[in-house]
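Note that these values count all heavy atoms, side chains included, but never hydrogens, waters or copies made by symmetry. Counting convention: from 1, in listed order, for ligands and their atoms alike. Along the sequence shown, residues are numbered consecutively beginning with 1.
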Amino acid sequence: MASEELTQTKLATVPRHVAIIMDGNGRWAKARGLNRIAGHRAGTENLRTIIRASIKFGIKYLTLFAFSTENWSRPKAEVTGLMHILSDVIDRDVQRLHQEGARLVHIGHLDGLPKALQDKVSHAIDLTKENRSITIVLAFNYGGRDEIIYAIKRMLADQVAPEDVDEALVSQYLFTGDIPDPDLVIRTSGEFRTSNFLTWQSVYSEWYFPQVYWPDFDEEELRKALEEYGRRDRRFGGLKES
Ligand code: IPE
Ligand code: IPE
Ligand code: MG
């Protein structure tokens, strides 16, 4: 990277963990007279841009909400299309991400996916597990409530004593395990709700809701989000230091 470019990308505060609800693919497509799958394909192209930009800005964890536990209720053709898109992304991008030092992890239930896709995701996770330049957390077949229920079930199965249950222990039992809580959660497309995303983890995240649909959320939009984050005053229930 040219040093001039590096200076331009310098930000006062860079959140360690940015999580994105990539919303608005369908409306983006509709506005162009295209079908919804074309919107999802455009959204996937954009993913490459945002991963590259995140590495450049120095973000260490990037969580991407790609498919929720509620998205199974969409028409079968759309669900199948989304599975194919994930499969194509892995085929096309994992080698390059590996070379760039990205580690891929998954949150949610892989076992709900077609077996061939499960194997593909598992292989990508295994291939990239030693990488440390950025951790890309793929939330696919993920739901925050589902995650909490699953954690409770496993704690009960492990016969955890009630007096041992605290925030640290519950956090360990979530899919996110050792991943730090998100500092910044972005939801594109002008929708103002969490839609079951990182329910436990986002209690003290800063939230940011740009109007643009996900395929139009480019590097400049990410920079704006990071600049806004830099202006926020995070108090965590305490008082601002004087
Ligand atoms: C986000 O775009 C992608 C997924 C939820 C899989 P949408 O498909 O929700 O697009 P809109 O919200 O209908 O525009
Ligand atoms: C949230 O978007 C899930 C993802 C972006 C993967 P949705 O489009 O599914 O959420 P709702 O239905 O508008 O709340
Ligand atoms: Mg949506």
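Interface atoms of ligand 2 facing I21, defined by a heavy-atom separation under 4.0 Å, are 1 (C), 5 (C). Every atom of ligand 1 with a heavy atom of R36 under 4.0 Å away is listed here by number and element: 7 (P), 8 (O), 10 (O), 13 (O). Of all atoms in ligand 2, listed by their number and element, those nearer than 4.0 Å to a heavy atom of R187 are 1 (C), 2 (O), 7 (P), 10 (O), 11 (P), 13 (O), 14 (O). The atoms of ligand 2 that sit less than 4.0 Å from any heavy atom of F67 are 6 (C). The atoms of ligand 1 that sit less than 4.0 Å from any heavy atom of H40 are 3 (C), 8 (O).
In this structure, Y173 has its ring center at least 6.0 angstrom away from the ring center of Y150. Within the 6.0 Å centre-distance limit, the rings of F175 and H109 are counted as a close aromatic pair. Separation of the F192 and W207 ring centroids does not fall under the 6.0 Å cut-off.
A salt bridge links E219 with K56: the distance from a Lys NZ or Arg NE/NH1/NH2 to an Asp or Glu carboxylate oxygen falls below 4.0 Å. Ion pair R48/E100 not flagged as a salt bridge, since none of the NZ, NE, NH1 or NH2 atoms sits closer than 4.0 Å to an Asp/Glu carboxylate oxygen. The existence of a salt bridge linking R223 and E228 is excluded, since no basic side-chain nitrogen approaches an acidic carboxylate oxygen closer than 4.0 Å.
When each of L226, V185, L184 is tested with Y208 by the rule side chain to side chain contact (heavy atoms under 4.5 Å, CB included), just one qualifies, namely L184. Exactly one of T63, D181, T135, T176 qualifies for a side chain to side chain donor-acceptor pair (under 3.5 Å) with H17. That residue is T63.
Residue S189 places no heavy atom under 4.0 Å from ligand 1.
Ring planes of W72 and F67: perpendicular class, angle over 60° (limits at 30 and 60°).
Looking at ligand 2, you won't find any N or O of S68 less than 3.5 Å from one of its N or O atoms. Between N25 and ligand 1, an N or O atom pair is found at a separation short of 3.5 Å.
Crowding of D178 atom CG: a count of heavy atoms from other residues, nucleotides or ligands under 6.0 Å not exceeding 12.
Looking only at heavy atoms of the protein, atom 1 (C) of ligand 1 is closest to M22 O, 3.0 Å. Remark: minimum distance from atom 10 (O) of ligand 1 to any protein heavy atom is reached at G26 N, 2.9 Å. For atom 5 (C) of ligand 1, the closest non-hydrogen atom of the protein is R74 NH2, 3.4 Å. Scanning all protein heavy atoms for the shortest distance to atom 9 (O) of ligand 2 gives N71 ND2, 2.9 Å. When only non-hydrogen protein atoms are considered, atom 14 (O) of ligand 2 lies nearest to S195 OG, 2.6 Å. Scanning the protein for heavy atoms near atom 13 (O) of ligand 2, the closest one is R193 NH2, 2.8 Å. Among protein heavy atoms, atom 6 (C) of ligand 1 sits closest to A66 O, 3.3 Å.
Nearest heavy-atom pair, R187 versus R193, reported as atom, atom and distance to 0.1 Å: NH1-O, 2.7 Å.
A donor-acceptor pair under 3.5 Å is absent between the side-chain atoms of D23 and the main chain of W214, judged by distance alone. Using modelled atom types, no side-chain atom of R41 and backbone atom of I37 make a donor-acceptor pair closer than 3.5 Å.
Ordered by chain and number, D23 OD1 make up the set of protein N, O or S atoms under 2.8 Å of the Mg ion (ligand 3).
With a 4.0 Å cut-off on non-hydrogen atoms, F197 does not touch ligand 2 at all.
Side-chain N/O atoms of R145 and T199 include no donor and acceptor closer than 3.5 Å.
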